[in-house]
Amino acid sequence: MASINFSSQFGVTTILIIITLLTPITTYTSPQPWNILSHNDFAGKLTTASSSIDAAATDFGHVTKIFPSAVLNPSSVEDITDLVKLSYNSQSSFTLAARGHGHSHRGQASARDGVVVNMRSMVNRDRGSIKVSRTGLYADVDAGCLWIEVLNKTLELGLTPVSWTDYLYLTVGGTLSNGGFSGQTFRYGPQITNVQELDVITGKGEIATCSKDMNSDLFFAALGGLGQFGIITRARIKLDVAPKRAKWFRFLYIDFSEFTRDQERLISETDGVDFLEGSVMLDHGPPDNWRSTYYPPSDHLRIVSMVKRHRVIYCLEVVKYYDETSQYTVNEEMEELSESLNYVKGFMYEKDVTYIDFLNRVRTGELSLKSKGQWDVPHPWLNLFVPKSQISKFDHGVFKGIVLRNNITSGPVLVYPMNRNKWDDRMSAAIPEEDVFYAVGFLRSADFDNWEAYDRENMEILKFCEDANMKAIQYLPYHSSQEGWVRHFGPRWNVFVERKDKYDPKMILSPGQNIFQ
Ligand code: ZME
């Protein structure tokens with residue numbers, strides 16, 4: 001290992017800090033107690049180029065700007081373990097954050113004055129970042145792979161992962177550090193419960209293979225662990241035989257309790273639909289152009305007029321997969337299903353698409369927003385898990401209350417229930433206590449000069465939930481203080497802290513989550 005003179009650098013910094021403390025004007029100079037570029041092992045892979053630094057300072061949220069000192073573009077696991085060890089073994093350690101495709105929305109993958117590790121640089125087509133075992137029904141994938149890459153690869157063999165996110169251009173390591181859920185989750189569990197094995201680099205720079213039987217505590221810690229216990233570098237993802245096509249339905253509701261009653265019944269059936277989500281349609285804001293492409297143009301007027309009349313309506317979205325063997329029964333089955341639902345008669349819509357076109361549906365929206373310059377804009381999102389017992393109060397107070405009053409919400413508002421028993425309490429992800437809880441997502445798009453209004457609405461919603469004692473829990477959480485995190489994890493906070501102490505005692509990893517420090 002190349003020698004670095006930390007002490008002399010540290011001396012300078014100490015003097016700088018003292019000067020800073022003595023100076024009444026707080027022009028804070030960031031400490032750089034490590035002259036990392038002199039470390040030859042990283043030559044070429046560690047960069048301080050402003051283009052790299054600037055790119056790593058922001059994310060999909062576009063509401064934070066947190067500058068790292070350097071960006072590492074690793075080409076091997078060793079590049080990362082070397083860097084973590086360098087920090088861990090140093091007197092003045094620096095922080096490190098793994099960044100995937102940069103789709104966090106509050107700087108969660110940032111590392112102020114530390115190093116951002118660009119996990120995408122590990123993905124190498126020639127080296128084979130995705131290896132499928134046909135007999136084992138699993139895929140071993142580099143954590144920097146996008147889910148769309150995993151899907152394309154496994155589909156070549158007629159196989160597919162079973163649990164998804166809505167958007168597929170996210171990295172495997174990123175979604176597994178959070179949870180990863182979508183309309184399949186009520187049935188298969190989130191992505192974190194569909195993983196058989198992980199390779200994880202801990203905050204001590206040690207790499208470990210782990211599973212529910214091997215280093216199990218690290219396995220459960222890392223899943224949903226918000227990057228606090230290690231950097232996931234490989235995941236073994238469970239596969240199943242891929243369906244060929246999807247019957248994709250939408251049913252519109254005026255009455256929220258009818259809507260949730262149908263949703264809750266459908267997620268309780270074991271042999272029912274393969275996918276279930278739901279959304280709120282509001283009578284204001286810019287029209288959700290990309291979403292309306294689902295509906296036949298000839299029906300836009302009557303849908304819009306129903307929204308205008310009722311101000312808030314709801315859309316149940318379900319999918320049944322099928323292939324050659326089930327193509328003759330799927331229609332009958334779905335007809336029976338639609339007859340059992342209490343949507344507004346006449347407001348049922350149906351599409352028949354390929355499996356991949358269904359899974360990749362948000363991509364269509366992305367490309368359309370990109371073409372209009374509406375993609376790289378602020379996304380002050382709020383995602384919540386709301387216990388089933390509170391959801392009607394939530395509808396009344398938030399959708400029909402705060403949201404209508406403020407009249408600013410734009411972008412999809414998703415609402416759908418999931419079964420708690422498909423999650424796993426040994427994992428780090430925080431979820432409500434009730435058997436059924438709802439995912440509520442305000443997937444807002446804003447402008448650079450007005451996003452704060454959306455953020456204020458988010459805080460208003462959070463305060464409403466708090467005051468009503470709803471026990472809602474954030475997903476992709478942001479808490480400005482440790483108090484917030486203690487409440488977030490509730491009785492599981494102690495386990496979280498114990499695991500931090502065990503796997504990242506110097507608190508090097510993922511500082512952008514704002515949990516420790
Ligand atoms: C900014 C944007 C979000 C455009 C489409 N979306 C989405 N639409 C539907 N479901 C989503 C989603 N992003 C995550 N889930």
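Just follow the structure's listing: the first ligand is 1, and inside any ligand the first atom is 1. For the numbers below, each heavy atom of this structure counts, side chains included, while hydrogens, waters and symmetry mates do not.
- The ring-ring contact (aromatic ring centres under 6.0 Å, His included) pairs that include a residue from residues 401-427 are F385-W423, W423-F437, where partners are two or more places apart or lie in different chains.
- Using a cutoff of 4.0 Å between basic side-chain nitrogens and carboxylate oxygens, R456 and E452 are not scored as salt-bridged.
- Between atom 10 (N) of ligand 1 and the options V377, D166, L170, the minimum heavy-atom separation is to D166.
- Ion pair D140/R236 flagged as a salt bridge, since at least one NZ, NE, NH1 or NH2 atom sits closer than 4.0 Å to an Asp/Glu carboxylate oxygen.
- Residue P412 places a heavy atom under 4.0 Å from ligand 1.
- Listed by number with element, the atoms of ligand 1 under 4.0 angstrom from any heavy atom of L369 are 4 (C).
- Between R250 and E350, no side-chain nitrogen of the basic residue sits less than 4.0 Å from a carboxylate oxygen of the acidic one, so the salt-bridge criterion is not met.
- Using a 4.0 Å cut-off to heavy atoms of L443, the atoms of ligand 1 that qualify are 10 (N), 11 (C), 12 (C), 13 (N), 14 (C), 15 (N).
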